[in-house]
Number of protein chains: 2
Amino acid sequence: MLFIRMVEQESHDKLTDILKAASDPTRRAVLTLLAQHGPQCVTNIAGHFEMSLNSVSKHIKVLEKAGLVARRTEWREHLIEVQMAPLEEIDRWFADLRSIWAQRLEALDHLLTQETAK
Amino acid sequence: MLFIRMVEQESHDKLTDILKAASDPTRRAVLTLLAQHGPQCVTNIAGHFEMSLNSVSKHIKVLEKAGLVARRTEWREHLIEVQMAPLEEIDRWFADLRSIWAQRLEALDHLLTQETAK
DNA sequence: CAATCAATCAACCAAAAAGATGAATGATAG
DNA sequence: CTATCATTCATCTTTTTGGTTGATTGATTG
């Protein structure tokens, strides 16, 4: 029971990380860039933005923590590549919410038809 | 052209609002609550949380700005109800990203088979 | 009209986030 | 060994965010 709670909490926190990471326009632009042009080193990615290399590096770390990108250190460059999997966590949350919503409506509908039948 | 840009920017900002709103655990809990138990007044919603009524009111305004809830002022209570539609904006972004990614892989695959054929 | 109740507004505080700059690490090339 | 290059670490500043409390608005009831 406590364990379930902990797992729920963990997935909850993970979802928060993913949504927070995805909620920044710069970070979404990084993801799009990586999806379009494949794995890139940090300097290369930073070249597409107005801000400093350091800021981009920080954004990438946020994405990394959320699991939205992975790092493959090859040669002396860090190759960053997009990871789609965590986005499915968002999908799942959405689907859950929608199902809860639909369930309530169904129950309500059921109740109403019962009332009418009386 | 400029117009297209503006529209893109707008939908971009909207998506940012939606993701930012959804990225807070309290706000997600509010959405779940509303999906489970239907439209509720602010005081009622606040009853489920440890924090002050004012804080909850502020959270609801964030959700409202993102379009994730709607307000129906009835009697002297404000009835808040969840709105699923904006969440599809997230879905759309996800689908777009995934399609861009798939396109690149496809092109890469095509290129490789061409090379092998030589 | 007075009292009450739902909700917001206004001002404030602390913590987190986004950005910049300069120093430090770590691998590679000469 | 030294110079260079990619990246991160440390520090600082500004802005945003999540929260509080107290006053205010606006409708309702006695």
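Residue numbers start from 1 in every chain, and the chains themselves are labelled A, B, ... in the order their sequence lines are given, proteins ahead of strands.
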Value in whole Å for how far the P atom of dT20(D) lies from CZ of Phe49(B): 13 Å

Picking from dG19(D), dA18(C), dT7(D), the nucleotide nearest the side-chain atoms of Thr26(B) would be dG19(D)

Can you tell me the distance, in whole Å, between the CD atom of Glu64(B) and the C1' atom of dC9(C)? 15 Å

Could you pull out all residues at least two apart from Asp24(B) that satisfy salt bridge (Lys or Arg N to Asp or Glu O under 4.0 Å)? none

Would you mind reading off the distance between Met51(B) atom CE and dG18(D) atom P, rounded to a whole angstrom? 10 Å

Which residues pass the side-chain contact (heavy atoms from CB on, under 4.5 Å) test with Ala21(B), sequence neighbours left out? Arg27(B), Val62(B), Leu63(B), Ala66(B), Leu68(B)

Please collect all salt bridge (Lys or Arg N to Asp or Glu O under 4.0 Å) contacts where either partner lies in residues 50-64 of chain A, sequence neighbours excluded, each pair once. Glu64(A)-Arg71(A)

By side-chain hydrogen bond (donor to acceptor under 3.5 Å, both in side chains), which residues pair with Gln83(B), not counting sequence neighbours? none

Verify the contact: side-chain N or O of Ser55(B) to OP1 or OP2 of dG18(D), cut-off strictly under 4.0 Å; return yes or no. no

Is Arg27(A) close enough to dA17(C) that one of its side-chain N or O atoms is under 4.0 Å from OP1 or OP2 there? no

Go ahead and name the base partner of dG22(C); Watson-Crick or wobble counts if both distances stay under 3.5 Å, otherwise write none. dC9(D)

Using side-chain hydrogen bond (donor to acceptor under 3.5 Å, both in side chains) as the criterion, list what pairs up with Thr32(A), not counting sequence neighbours. none

Starting at atom CG of Leu53(B), determine the distance to atom P of dG18(D), rounded to an integer number of angstrom. 17 Å

Whole angstrom is fine here: how far is it from CG in Asp17(A) over to C1' in dA16(C)? 13 Å

Between side-chain atoms of residues 95-108 of chain A and protein atoms elsewhere (two or more places apart, or another chain), which donor-acceptor pairs fall under 3.5 Å?
| unit_1 | atom_1 | unit_2 | atom_2 | d |
| --- | --- | --- | --- | --- |
| Arg98(A) | NH2 | Glu88(B) | OE2 | 2.9 |
| Arg104(A) | NE | Ala35(B) | O | 3.3 |

Kindly write out the residues that satisfy side-chain hydrogen bond (donor to acceptor under 3.5 Å, both in side chains) with Asn54(A), not counting sequence neighbours, or none if the list is empty. none

Quick one: Asp24(A) CG to dG19(C) C1', roughly how many Å, whole number? 11 Å

With side chains defined as the heavy atoms from C-beta onward, is the minimum distance between Gln40(A) and Ile80(A) less than 4.5 Å? no

side-chain hydrogen bond (donor to acceptor under 3.5 Å, both in side chains) filter on Thr43(B), not counting sequence neighbours, yields none

From CG of Leu63(A) across to C1' of dA18(C) the rounded distance in Å is 14 Å

Between protein and nucleotides 27-30 of chain D, what N or O pairs are separated by less than 3.5 Å?
| unit_1 | atom_1 | unit_2 | atom_2 | d |
| --- | --- | --- | --- | --- |
| dT28(D) | O4' | Arg76(B) | NH1 | 3.3 |

Between C1' on dT8(C) and CD1 on Ile60(B), what's the gap in Å once rounded to a whole number? 12 Å

Candidate nucleotides dA7(C), dT7(D), dT20(D), ranked by approach to the side chain of Ser52(B) - the nearest: dT20(D)

Evaluate the side-chain proximity of Asp17(B) to Asp13(B): yes if any heavy-atom separation is below 4.5 Å, no if none is. no

Can you check whether His59(B) has a side-chain N or O nearer than 4.0 Å to OP1 or OP2 of dG19(D)? yes

Identify, residue by residue, the members of residues 36-48 of chain B with a heavy atom below 4.0 Å from DNA chain D, and return them in order of residue number, or none. none

Where do N or O atoms of nucleotides 9-11 of chain D meet protein N or O atoms at under 3.5 Å, pair by pair?
| unit_1 | atom_1 | unit_2 | atom_2 | d |
| --- | --- | --- | --- | --- |
| dC9(D) | OP2 | Lys61(A) | NZ | 3.1 |
| dC9(D) | N4 | Asn54(A) | ND2 | 2.8 |

Go through it in stages, so that I can follow the logic: the residues are Thr16(B) and Arg28(A), the test is side chain to side chain donor-acceptor pair (under 3.5 Å), and I'd like the CA-CA distance, side-chain angles, deciding distance and then a yes or no. CA-CA 9 Å; Thr16(B) 299; Arg28(A) 281 203 307 280; 2.8 Å; yes

Taking OP1 and OP2 of dA7(C), is either one under 4.0 Å from a side-chain nitrogen or oxygen of Ser57(B)? no

Holding to side-chain contact (heavy atoms from CB on, under 4.5 Å), I want the full list of residues that pass it with Ala46(A), two or more places apart in sequence or in another chain. Leu53(A), Val56(A)

